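Some notes on the structure that comes next.
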Amino acid sequence: MSRLNIAHLTLTAAQNIQTADKVRRDPAVVKAAKQFAEDSAEAFHSGGALVREAQSSWRRHSPLTKETGTDE
């Protein structure tokens, strides 16, 4: 059974942390992350509008709504 080389494991972990930090600060990554956040907010807003329109349409077209006289 092989033994763990703690020094090598520590060095590898430190290098990976440095690499991850460089990637996180890369201007292209920062720009893409910002665009993703903006697009996500817009998609959330659009999704809410879709749900409201679908609910409104359901009320307009539902035979149950028309029978009870609560048609909007």
Side-chain angles (χ1 to χ4, degrees):
M1 181 178 224
S2 62
R3 299 182 65 180
L4 286 176
N5 183 338
I6 300 299
H8 178 68
L9 185 61
T10 303
L11 178 61
T12 301
Q15 289 171 337
N16 286 337
I17 290 169
Q18 287 177 343
T19 300
D21 188 54
K22 288 178 184 176
V23 169
R24 182 188 63 82
R25 291 184 289 126
D26 185 289
V29 173
V30 171
K31 181 180 177 185
K34 182 178 179 182
Q35 186 64 54
F36 175 76
E38 291 170 359
D39 291 348
S40 297
E42 182 61 32
F44 186 76
H45 178 73
S46 298
L50 170 61
V51 169
R52 289 187 298 277
E53 291 300 329
Q55 289 172 336
S56 178
S57 180
W58 183 272
R59 287 190 296 271
R60 286 193 308 272
H61 294 93
S62 173
L64 295 176
T65 303
K66 292 177 182 175
E67 289 175 6
T68 61
T70 60
D71 190 19
E72 294 182 9

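Nothing here was measured: the structure is a model prediction, and the numbers come from that model.
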Value for CG (Asp21) from CD1 (Ile17), rounded to nearest 0.5 Å, stands at 9.5 Å
Do the side chains of Lys22 and Asp26 get nearer than 4.5 Å, heavy atoms only? no
Distance col, row Ser57:OG vs Arg52:CZ, nearest 0.5 angstrom, shows 14.5 Å
Arg60 and Ser56: side-chain donor and acceptor closer than 3.5 Å?
yes
With Thr12 as partner, the option from Asn16, Thr10, Leu9 fulfilling side-chain contact (heavy atoms from CB on, under 4.5 Å) is Asn16
